[in-house]
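All chains are named by letter (A, B, ...) in the order of the sequence lines, taking the proteins before the strands, and each is independently numbered beginning at 1. All figures in this text were calculated on a predicted structure; none of them were measured in a lab.
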Amino acid sequence: MAPSPDETPETFAPVGPDEATAAASDSTSAESIASDAESEAGFRVSLSNFDGPFDLLLNLISKHEMDITEVSLSAVTNEFIAYLQHLDDDEELDQASEFLVVAATLLDMKVAGLLPQGELVDAEAVALLEARDLLFARLLQYRAFKEVSAWFSRCLQREDRRHVRAVRLDEKHRTQTPELVWSLSADDFAALALLAFAPKEIPHVGLDHLHAPLVSIREQAAIVVTLLRGTESLSFRELVSGIREPGIVVARFISVLELYRHAALSFEQLEPLGELTLRWAADSWSDETLASLGADYDR
Amino acid sequence: MTDDLTDDLALPTEQQAEEPTISAESPLAERIEAILLIIDEPIGLVALAAAVGSPVAAVRQTIETLVDDYDGRGTGPRRGFELREVGGGWRLYVREDHDSLVAEFVGGQAPARLSQAALETLAVIAYKQPVTRSQVASIRAVNVDSVVRTLLARGLITELFADSETGAINYGTTDALLQHLGINSLDELPPISPLLDDGADGFDEGVVR
Amino acid sequence: MTDDLTDDLALPTEQQAEEPTISAESPLAERIEAILLIIDEPIGLVALAAAVGSPVAAVRQTIETLVDDYDGRGTGPRRGFELREVGGGWRLYVREDHDSLVAEFVGGQAPARLSQAALETLAVIAYKQPVTRSQVASIRAVNVDSVVRTLLARGLITELFADSETGAINYGTTDALLQHLGINSLDELPPISPLLDDGADGFDEGVVR
């Protein structure tokens, strides 16, 4: 799993361990890091110190003394993204998805904040509002639990010091206690021992060894070309009928987009989410074009 | 029980007269003390009443008398122990003033503190129970499997039931947690309800303009 | 502590003749009661004096006062428990008058089932014996004191010997456990050996992948 240095360019950029992406993101978040260094030189924390993305976000927000409900999230987005660069070992990558979800939402908000606001309410804006509300709500909820956990800690510590009477029964009364209900066989007992000796960190089965089979966009494009040339028009639904693997459907869709880029086909969609109708439109088509098609997606 | 007969008769009459002689001298107090001395978990009023064979109301009043008595508000001196209601029942504790003395005597290492992650997870489960592991994980936005295992091993939470559809296990807190917190019921948790009811939806009006 | 002042003065006056200075910090009687409340075995005067940090003579006298006190010969009511000297040490016992009450209470409890925590601790002791409490605690990553007490009381484990260096008590399982499991000797316990050699480390390879 550990990427060798020459493989790194394909690593997912925001969490990539390689210098290239680190340098790239550095430039975008340079100001925030620089201002960190000036204003609070001590604030250098490894990401593993944060217990999840909300913890990190909350920390960044409170560092700027902003109210969650009022917060200008674009101000903390850069820092949040910058911290994601510390997500650089396999184990952390496993837990990175929630960080990425939050980062994506933050980026959306930042972009929306930068763009001029029109009166127009489109679906995207509504979705963005919803995403923001959801993030606020979850963050507030998280903060509430985090705050109340301090009460738990105080009570537990206080009570830890207390001593309760817990003394064995006198011999004469012990014999009167009801017979013990025992239902374990020796094998059950051994299974229990296994559990008892197990490390308290639950071993979990990694999914690293599961790789989706690779799908070639070029191959799929060849199929699309063949199908379309043989007929006048075809809906996308027909184009993928009978295909069960999502990966192939996606690849076939991407190949349609690529062919459109090359003006090899045209498409028509009368209403949002409506039927997508494809037509072969190439004046001159050479199969050699296929060879370079989808090169952007090559690994 | 036959030799207690006189006590059994003597007691109710005293109570009928409302208070005056309910004094800790009452044999009911002695019987309650006998039970309190041998229990190894808190005993509720009803169970205690059944054990000593007296009405719950009388037991409640006698318990109150004993609490005062041990605290030095009765006829005798203050005691080195006290009677506390914790985790749904009554139990004898070393008086707080003497905890350090006792700690020194029994030695032993302080129990390991819960991590911040465990505390937060515990809080979520306490307020949201019954709750599944994945629900907790989504509130905390991190995987909570190993933390839940720690809390289970410590007996602070327990598996309540499996969801009939998904089979996901629902967790809740235990009476042992109440004891460890030194409270008598979940009602004594600090209120944070406004934030919990519905997560996302309720916030629209309140938070976003 | 200020409101203890009267107690402080009240109790030691009897002792003042012999030991004028003992009652300086907190009432000796309270400190003794605190220790008495938590001990399992009778405690000798010398050990008790060391525990509460007072001269043996003063402790002896205070013990006598407490005996009288609990028996109703002091200022307060008679107690449901008494302080008795047994085998050279002092310990709180349920007053004999209430033995039948206690017997009924104990016998009337629901048939006991061991908790998961108790079963796991028992399993650790069974496979690791002889083993000390702190060793068990470190394997279980929790404090096991009360669970060990339960297992002892249930006769499932027993104290084998004290470590010659540390004095820590080593525990092992009893024949009663073998009977419950339906086996004749510990050799018949199903082997789980790979785990025992190196604890956590060996586990990863064995179980994961």
Next item on the list: Only counting residues at least two apart or in another chain, list the ones meeting ring-ring contact (aromatic ring centres under 6.0 Å, His included) with A:Tyr142.
Entry: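 Residues passing ring-ring contact (aromatic ring centres under 6.0 Å, His included) with A:Tyr142: A:Phe54.
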Next item on the list: Not counting sequence neighbours, which residues clear ring-ring contact (aromatic ring centres under 6.0 Å, His included) with A:Phe152? List them please.
Entry: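 Testing A:Phe152 for ring-ring contact (aromatic ring centres under 6.0 Å, His included), a comparison that skips the adjacent residues, returns none.
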Check: Hey, which residues of residues 114-122 of chain B are touching chain A, say heavy atoms under 4.5 Å apart?
Finding: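 Within residues 114-122 of chain B, near chain A: B:Leu114, B:Gln116, B:Ala117, B:Leu119, B:Glu120, B:Leu122.
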Item checked: Best-contacting candidate, A:Glu147, A:His173, A:Arg165, against chain B by heavy atom pairs under 4.5 angstrom ->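 Sorted descending by pairs with chain B, the first entry is A:Arg165.
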If I take atom [atom1] from residue [X] and atom [atom2] from residue [Y], how far apart are they, to the nearest 0.5 angstrom?
X: A:Leu156; Y: B:Arg154; atom1: CG; atom2: CZ; answer: 9.0 Å
X: B:Leu101; Y: A:His163; atom1: CG; atom2: NE2; answer: 9.5 Å
X: A:Glu159; Y: B:Leu177; atom1: CD; atom2: CG; answer: 11.0 Å
X: A:Asp160; Y: B:Leu181; atom1: CG; atom2: CG; answer: 10.0 Å

Check: Got more than 12 heavy atoms from elsewhere within 6.0 Å of CD, B:Glu188?
Finding: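 Atom CD in B:Glu188 is crowded, with more than 12 foreign heavy atoms closer than 6.0 Å.
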Looking at side-chain heavy atoms only, is the closest gap between [X] and [Y] below 4.5 Å?
X: B:Ile139; Y: A:Gln141; value: yes
X: B:Ser138; Y: A:Arg138; value: yes
X: A:Arg162; Y: B:Glu82; value: yes
X: A:Arg161; Y: B:Glu96; value: no

Margin query: Taking side chain as everything from C-beta outward and backbone as N, CA, C, O, which of these in B:Ile39 sits under 4.5 Å from a heavy atom of chain A? Side chain, backbone, both or neither.
Written below: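 For B:Ile39, the backbone is the part near chain A, not the side chain.
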Check: Which pairs pass ring-ring contact (aromatic ring centres under 6.0 Å, His included) with one or both residues in residues 51-89 of chain B, sequence neighbours excluded?
Finding: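 Residue pairs passing ring-ring contact (aromatic ring centres under 6.0 Å, His included), neighbours aside: B:Tyr70-B:Phe81, B:Phe81-C:Phe81.
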Next item on the list: Test side-chain contact (heavy atoms from CB on, under 4.5 Å) on A:Phe145 and B:Lys128 and set out the steps.
Entry: CA-CA 10 Å; A:Phe145 283 120; B:Lys128 290 285 229 182; 3.9 Å; yes
Next item on the list: Using non-hydrogen atoms and a 4.5 Å limit, figure out which bit of A:Arg158 sits close to chain B: side chain, backbone, both or neither.
Entry: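 For A:Arg158, the side chain is the part near chain B, not the backbone.
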